[in-house]
> 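Next up is a structure, given as structure tokens.
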There are 2 protein chains.
Amino acid sequence: MKSEHIPKATIARLATYIQVLSEFKREGTDVVSSERLAEACSVNSSQIRKDLAYFGEFGVRGVGYYVQDLITSIKRSLGIDRAWNCGLVGVGNLGRALLRHREFSRKGFILRGAFDCDPYKIGEIVEGMEIVCSRQLPAKVKELSLEIGIITTPPERAQRAANYLVGAGIKGIINFAPSRISVPSHIHLEYVDFFHHFYAAAFHIRFAEHQE
Amino acid sequence: MKSEHIPKATIARLATYIQVLSEFKREGTDVVSSERLAEACSVNSSQIRKDLAYFGEFGVRGVGYYVQDLITSIKRSLGIDRAWNCGLVGVGNLGRALLRHREFSRKGFILRGAFDCDPYKIGEIVEGMEIVCSRQLPAKVKELSLEIGIITTPPERAQRAANYLVGAGIKGIINFAPSRISVPSHIHLEYVDFFHHFYAAAFHIRFAEHQE
DNA sequence: CTGTGAATGTGAATTTTGTAACAAAACCCC
DNA sequence: GGGGTTTTGTTACAAAATTCACATTCACAG
């Protein structure tokens, strides 16, 4: 209910809740109990109620949650009830794949700028977007009101990309490059590395084998 | 030291340690203390020592950790000191991007099979790999010794892909599709959804703004 | 060969997160 | 409109993860 510190895990679960709630909506379910939602998300039902309690009271006692309302409430709580302008730095394989990824705009993250420092790439059009020199970041961040920077450079250039973005006044950075970077504490930084899921899978599979 | 239950977060951090240690190695650093490694990973130094203690004693008291040895030890602990054969189901945009992603083989996850149920795609060659009908999964899983299945289908077909994989005897599944699926408890299942990092960024940025 | 300094490994204390339990609230039926 | 039923929101409790603190171990110097 009050905005004390909110666990990282809660944020991740809220994303899951939205996903599952959207499926319920598609199936035509209007109302859902925390119990039923919990089962679909493979979590405990008090977990759901507690996660939601950080942000407010969204349910009706004795009834449950109205699916559409809850989706709207969670989105507002997370701050994704509006669009976020994003700029992507590093137009390699991964960068291109992200630029092509429809889901971004559908989820409210609008890729408005693509940047690279390779002269051969500058000027090229990818998905209707012109690749711009990274040095122009300060101008473009202001012009396009970019708030979130996406780093998809090779690891050795990630820190420089971060510096450009920070200098240009970006508010948050999502780093897809496999290297640690440092930014001022007022910049929100997230690392994306899906390989740790593969590591986890490898570890658990081998551990299960080792058990017998 | 003993193989009790190992926190998920520990696995994720071990991946970070490998990353940072590899950078140290490239820079020519041979020995590193938990203190210095901790700083580079933005974690507490006892955290590192405790994480490692789940798997054994890898350091030398009064000295620190030998970088190369520690990388090797962590990789062995995670079970990535050998190659893992992977099959990918759903050759859409995301699937193709992953098939093209060099990092997989570099990290020891070998993409050996690509499957789809679209007759227009079957037979097509992507990255030197022929797209095969999903119905042939049982045969191919055995033939190619596939252990990990990667699901990159649209959400509505993810469950069916999972069923095929489970029926074919796969050991673990990494689901990139934005939908929950259910599998028998002996199959290890991981969900990959990098949007929750975007949600977290959006939330924290807006919260920071709201503070003042 | 003993003393000194440094950094690990680990048990104990603390903090955080997750679960259970229940009182408060809303609906429904008679 | 009141009692019963259901399900939330919240508090109290349990479990888990993180951090602290220090005894233990190793390298090295004198």
> If we only count heavy atoms from C-beta on, is the B/Lys140 to B/Val132 side-chain gap below 4.5 Å?
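Contact flag for B/Lys140/B/Val132 side chains = yes.
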> I need a per-nucleotide contact map over nucleotides 24-30 of chain D, read 5' to 3'. Cutoff is protein heavy atoms under 4.0 Å; write B for the base, S for backbone only, - otherwise.
BBBS---
> Separation of B/Glu35 atom CD from C/dG9 atom P, in whole Å?
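Atom-to-atom, B/Glu35 to C/dG9, this comes out as 14 Å.
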> For residues 40-50 of chain A, which residues have at least one heavy atom under 4.0 Å from DNA chain D?
A/Arg49, A/Lys50
> Which pairs pass side chain to side chain donor-acceptor pair (under 3.5 Å) with one or both residues in residues 150-162 of chain A, sequence neighbours excluded?
A/Gln159-A/Asn163
> Are the side chains of A/Leu88 and A/Leu98 in contact, using a 4.5 Å heavy-atom criterion?
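When only atoms from C-beta onward are counted, A/Leu88 and A/Leu98 do touch, with a gap below 4.5 Å.
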> List the residues meeting side chain to side chain donor-acceptor pair (under 3.5 Å) with B/Tyr164, not counting sequence neighbours, and say none if there are none.
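Once residues adjacent in sequence are excluded, B/Tyr164 has no partner under the side chain to side chain donor-acceptor pair (under 3.5 Å) criterion.
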> Expressed as a whole number of angstroms, how long is the span from A/Phe55:CZ to D/dG9:C1'?
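To the nearest whole Å, that distance equals 15 Å.
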> Apply the side chain to side chain contact (heavy atoms under 4.5 Å, CB included) test between A/Ile74 and each candidate in A/Ile71, A/Leu78, A/Thr72; give the one that qualifies.
A/Leu78
> Applying side chain to side chain contact (heavy atoms under 4.5 Å, CB included) between A/Val31 and each of A/Val63, A/Val67, A/Asp69, A/Leu70, report the one that passes.
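Of all the options given, the one that passes is A/Val63.
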> Heavy atom of residues 10-27 of chain B under 4.0 Å from DNA chain D: which residues?
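Per residue number, the list reads B/Arg13.
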> Does C/dT8 have OP1 or OP2 sitting under 4.0 Å from an N or O in the side chain of B/Ser34?
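For B/Ser34, the contact criterion (side-chain N or O under 4.0 Å from OP1 or OP2 of C/dT8) is met.
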> Once the angle between the rings of A/Phe176 and B/Phe194 is folded into 0 to 90°, is it parallel (under 30°), tilted (30 to 60°) or perpendicular (over 60°)?
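Ring orientation of A/Phe176 relative to B/Phe194: perpendicular.
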> In whole Å, I'd like the distance from the CG atom of A/Asp51 to the P atom of C/dT19.
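It works out to 10 Å between those atoms.
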> Given atom OH of A/Tyr65 and atom C1' of D/dG9, what is their separation to the nearest angstrom?
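My rounded result for the distance is 8 Å.
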> Roughly, in whole Å, what's the span from CD1 in B/Ile6 to P in D/dT18?
13 Å
> Using 30° and 60° as the class limits, which term best fits the ring planes of A/Phe203 and B/Phe55: parallel, tilted or perpendicular?
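Perpendicular, since the angle between the ring planes exceeds 60°.
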> Between atom NZ in B/Lys8 and atom P in C/dG18, what is the gap in whole Å?
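Going from B/Lys8 (NZ) to C/dG18 (P), I get 13 Å.
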> Quick one: salt bridge (Lys or Arg N to Asp or Glu O under 4.0 Å) pairs with a partner in residues 17-26 of chain A, sequence neighbours left out?
none
> How long is the line joining CG of A/Asp69 and C1' of D/dT8, in whole Å?
15 Å
> Check whether any side-chain heavy atom of A/Arg13 sits under 4.5 Å from a side-chain heavy atom of A/Gln47, and report yes or no.
yes
> Should the ring pair A/Phe104 and A/His101 be called parallel, tilted or perpendicular, given that the plane angle runs from 0 to 90° and is split at 30 and 60?
perpendicular
> Can you tell me how far P of D/dA17 sits from NE2 of A/His5, to the nearest Å?
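After rounding, the gap between these two atoms is 17 Å.
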